[in-house]
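Report on the following structure.
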Amino acid sequence: MAHKIRIACLGTSDSLSRAVDALLDNQVIPAENIFLSRTDGPQVERFSASGCQLLPDDMNAIVKGELVLVAAPGNEMASVLAPVCGCTSGRYLIAVSDRAQVSDLSERVANGTQIMAVQTETDDNGTVCGKAEYGKGFVAYMKPPCEDIVRAMIPNLTVCN
């Protein structure tokens, strides 16, 4: 089911590319509602052929999106969030990482940001699994679309709250 949410996608090359590929392959978000930053590297250029919007920088992407998806390894999450931490207020943030935790993310983003942290791990069979946790006060009507977005990337997802 395609959601009409406008989503800014940020992250590091491999993690970001896998996330956007999953959103497009599973048709969760229409391509024209996906905003990417040229500063995330040349690998995001290929998504413009699918109809995704390429913007000059992360801040412009966030301003266009209602929801911000950040996909990065845990050791790079802070550097991905650093330049945009002040402009997330009033938006929904989905952070996907091997170390994502609501408590850490809430310290790195503006007050008023609704947070969903998805901690990933790879099991012995090579399957990526995820455990999602919502920040306090996350609005109920946004949970189903956020979970659909994450399940496109991580089908084996457990939601904690």
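- Under a hydrophobic-cluster definition in which Ile, Leu, Val, Met, Phe, Trp and Tyr are linked whenever side-chain heavy atoms come within less than 4.5 Å, directly or via other members, Val96 and Val68 are assigned to different clusters.
- Phe35 is not connected to Ile94 by any chain of hydrophobic side-chain contacts under 4.5 Å among Ile, Leu, Val, Met, Phe, Trp and Tyr, and they are in different clusters.
- At most 12 heavy atoms of other shown residues, nucleotides or ligands fall within 6.0 angstrom of atom CE in Met59.
- With Tyr134 as the aromatic partner, Lys143 meets the cation-pi criteria of under 6.0 angstrom to the ring centre and within 45 degrees of the ring axis.
- Using a 4.5 Å heavy-atom cutoff, the side chains of Asp57 and Arg38 are not in contact.
- Shortest non-hydrogen contact noted between Ala140 and Pro144 is O-CD, 3.3 Å.
- Leu69 and Ala19 get closest at one heavy-atom pair: CD2-CB, 4.1 Å.
- At distances below 3.5 Å, at least one donor-acceptor pair connects side-chain atoms of Arg91 with backbone N or O atoms of Ile62.
- Considering only heavy atoms from C-beta on, Arg6 comes within 4.5 Å of Glu66 through its side chain.
- Here Glu32 contributes atom CD and Ser50 contributes atom OG; the two are 11.0 Å apart, rounded to the nearest 0.5 Å.
- Counting heavy atoms from C-beta outward, Val159 and Glu147 have side chains that approach closer than 4.5 Å.
- Rounding to the nearest 0.5 Å gives a distance of 8.5 Å between OH of Tyr92 and CD1 of Ile5.
- Both Met142 and Ile154 are members of a single hydrophobic cluster when ILVMFWY side chains are connected at heavy-atom separations under 4.5 Å.
- Look at Glu121 and Lys131 and you find no salt bridge, because none of the NZ, NE, NH1 or NH2 atoms lies under 4.0 Å from a carboxylate O.
- Pairing each heavy atom of Lys4 with each of Asn33, the nearest pair is O-ND2, 3.0 Å.
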What do the steps show when you test Arg18 against Met153 for side-chain contact (heavy atoms from CB on, under 4.5 Å), and what is the final call?
-> CA-CA 8 Å; Arg18 282 192 305 273; Met153 298 180 288; over 6 Å; no

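- Within the 4.5 Å cutoff, no side-chain heavy atoms of Val128 are placed close to those of Asp123.
- For the 3.5 Å distance criterion, the side chains of Asn60 and Ser37 fail to qualify, holding no donor opposite an acceptor.
- Summarising the geometry of Val20 relative to Cys52, their closest heavy-atom pair is CG1-SG, 4.4 Å, with the distance given to 0.1 Å.
- Residue Arg151 places its CZ atom among more than 12 non-hydrogen atoms of other residues, nucleotides or ligands, all under 6.0 Å distant.
- Between the side chain of Ser17 and the backbone N or O of Asp14, no donor-acceptor pair lies under 3.5 Å.
- For the pair Thr113 (side chain) and Thr88 (backbone), a donor-acceptor distance under 3.5 Å is present.
- A distance of 14.0 Å separates OG of Ser103 from NZ of Lys136, quoted to the nearest 0.5 Å.
- A 4.5 Å side-chain heavy-atom check between Cys146 and Leu67 finds at least one atom pair inside the cut-off.
- With a 4.5 Å cut-off on side-chain heavy atoms, Ile115 and Glu133 do not count as touching.
- In this structure, Leu36 and Glu45 have side chains that are not in contact, with every pair of non-hydrogen atoms separated by 4.5 Å or more.
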Please walk me through it: do Cys9 and Ile34 pass side-chain contact (heavy atoms from CB on, under 4.5 Å)?
-> CA-CA 7 Å; Cys9 297; Ile34 298 174; 3.9 Å; yes

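- A donor-acceptor contact shorter than 3.5 Å is absent between the side chain of Thr120 and the backbone of Cys129.
- A donor-acceptor pair is defined here as one N or O able to donate and one able to accept, closer than 3.5 Å; such a pair exists between the side chain of Gln114 and the backbone of Val139.
- Ser97 has its side chain out of reach of Pro73: every pair of non-hydrogen atoms, C-beta onward, lies at least 4.5 Å apart.
- Looking at every heavy atom in both residues, Arg46 comes nearest to Gln43 through CG-O, 3.4 Å.
- The heavy-atom pair separating Asp40 from Leu10 by the smallest distance is OD2-CA, 3.7 Å.
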Verdict with reasoning, Gln119 to Asp98, per side-chain contact (heavy atoms from CB on, under 4.5 Å) = CA-CA 5 Å; Gln119 192 170 55; Asp98 57 328; 5.7 Å; no

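- Between the side chain of Ser79 and the backbone N or O of Glu76 there is at least one donor-acceptor pair closer than 3.5 Å.
- When the side chains of ILVMFWY residues are joined at heavy-atom separations under 4.5 Å, either directly or via intervening members, Leu93 and Tyr141 end up in two distinct hydrophobic clusters.
- Linking Ile, Leu, Val, Met, Phe, Trp and Tyr whenever their side-chain heavy atoms come within less than 4.5 Å leaves Met116 and Val70 in two separate clusters.
- With hydrogens and angles disregarded, a donor-acceptor distance shorter than 3.5 Å links the side chain of Asn26 to the backbone of Ala22.
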